[in-house]
Amino acid sequence: MTVREALKWGEKELGEIPEPRLDAEYLLAAVLGVSRLPMLLDKGRELTDGQRAAYAGLTARRKEREPLQYILGEQSFMGFSFRCDPRALIPRQDTEAVCGEALCYLRPGMRALDLCTGTGALAVSLKKLCPGAELTASDVSGDALSLARENAERLGAVVRFLQGDLFAPVSGERFDLIVSNPPYIPDGLRGKLQSEVEKEPALALFAGADGLDFYRRIAREAPEHLTDGGRLILETGDGESRAVEKLLADAFDNITVFSDLSGLPRGVSAVKKEGGAP
Ligand code: GLN
């Protein structure tokens, strides 16, 4: 079987998923240990029996709607390759907008906190892109933290990782910048999401009846963990940014909504009100 034939077969096998051809290409390239484009320039290449079997195995997993990134074991975020597996949510391109917003304010010497770090995508990228800043990242999930630690090590980023519920592990500490992509999907959508998303940890996704539970807690607790003039940057889910703006109105000023690459509102950025909080 040649690369050309294998891709044709894979595309047909994966006919039910959104982009069968592209996924077949990624899976085959992973099996061959090459990048997609060089593979496509050599479509006459013959697969060995072992490669055929491995490709069939990965294709069967994808057919069961296991996320491509879990099968490949990595996802690019801000140009860095993050290891991915079911221990944490897969980093999304949307979240790069949060990273970009944070980079507008993060400076060497600042202390920054990433709440609900998951794979560590935000904390590790911020440290890589602003090495002079001091990064702390927390997550309630020990599994997620073990993956985040692996990512930091593999990418050579020094980040302090702490386990605990939201601000619990940083009690008494203050930061110049707090970023978070917390869970934000309403509980009612459980079982109704894309099959791939349902294979990601529920702990990283669901956030109460209206999806705003974590924003309520963060709005209440963040001020006592921000320095004067400190900034909070939150990713928000579809249609949630206005509600989050309102939740922040009491204790924050300069509240702005920023968009992702599709031009859709993706997050809220705000500065702690002077004298308005402890
Ligand atoms: N952006 C993710 C999704 O839509 C959800 C991430 C989250 O809840 N923070 O699947």
Side-chain angles (χ1 to χ4, degrees), residues 17-19 23 62 65-72 74-78 82 84-102 113-126 137-141 143-145 147-148 151 165-167 178-219 221-222 232-245 247-248 257-270:
I17 69 166
E19 292 187 279
D23 282 28
R62 188 66 192 97
R65 308 302 286 261
E66 185 172 343
L68 182 67
Q69 296 89 335
Y70 284 168
I71 300 175
L72 300 178
E74 65 176 351
Q75 169 65 23
S76 166
F77 184 84
M78 299 302 290
F82 281 83
C84 277
D85 63 35
R87 283 178 286 176
L89 194 83
I90 299 161
R92 309 286 206 264
Q93 197 180 32
D94 298 335
T95 306
E96 293 185 339
V98 178
C99 198
E101 176 74 10
L113 171 67
D114 173 19
L115 288 173
C116 313
T117 194
T119 53
L122 278 172
V124 171
S125 301
L126 289 173
S138 72
D139 205 293
V140 73
S141 156
D143 275 351
L145 274 185
L147 181 57
N151 277 318
D165 189 22
L166 284 189
F167 293 99
I178 298 175
V179 298
S180 184
N181 171 21
Y184 56 59
I185 297 183
D187 285 347
L189 293 181
R190 247 174 225 262
K192 299 188 182 133
L193 300 170
Q194 213 188 318
S195 316
E196 285 82 355
V197 180
E198 302 273 354
K199 300 222 166 30
E200 296 185 88
L203 193 62
L205 293 169
F206 300 104
D210 59 2
L212 302 177
D213 279 7
F214 287 88
Y215 299 121
R216 283 191 196 89
R217 290 182 55 198
I218 293 171
E221 298 173 33
L232 174 66
I233 300 176
L234 299 172
E235 175 165 332
T236 51
D238 290 346
E240 292 178 340
S241 55
R242 294 279 160 236
V244 173
E245 271 187 293
L247 287 174
L248 297 180
V257 172
F258 56 90
S259 303
D260 57 28
L261 285 178
S262 343
L264 298 170
R266 182 47 61 188
V268 178
S269 184

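Start at 1 and go down the list; that is how both ligands and their atoms are numbered.
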Arg266/Glu96 ion pair, N-O < 4.0 Å: no

message: Under a 4.0 Å threshold between the charged nitrogen and the carboxylate oxygen, would Glu245 count as salt-bridged to Arg242?
response: yes

- prompt: So among Val98, Val179, Ile233, which one has a side-chain contact (heavy atoms from CB on, under 4.5 Å) with Ser269?
  reply: Ile233

- prompt: Would you say Glu198 has more than 12 foreign heavy atoms packed within less than 6.0 Å of its CD?
  reply: yes

query: Can you tell me which residue and heavy atom of the protein come closest to atom 10 (O) of ligand 1, and the distance to 0.1 Å?
result: Arg92 NH2, 2.8 Å

message: Within the 4.0 Å heavy-atom shell around Leu89, which atoms of ligand 1 are there?
response: 6 (C)

field: Close N or O approach (Tyr184, ligand 1; < 3.5 Å)
entry: yes

query: Of all the atoms in ligand 1, which lie at a distance below 4.0 Å from a heavy atom belonging to Pro182?
result: 7 (C), 8 (O), 9 (N)

- request: Could you tell me the separation between the CG atom of Leu212 and the CD1 atom of Ile218, rounded to the nearest 0.5 Å?
  value: 11.0 Å

Flag side-chain contact, heavy atom, 4.5 Å: Tyr184 against Val244: no

Numbered atoms and elements of ligand 1 in range of Ala204, under 4.0 angstrom, heavy atoms: 7 (C), 8 (O)

task: May I ask you to list the atoms of ligand 1 that are less than 4.0 angstrom from any heavy atom of Leu205?
output: 5 (C), 8 (O)

message: If the contact criterion is a heavy-atom separation under 4.0 Å, does Ala207 count as touching ligand 1?
response: no

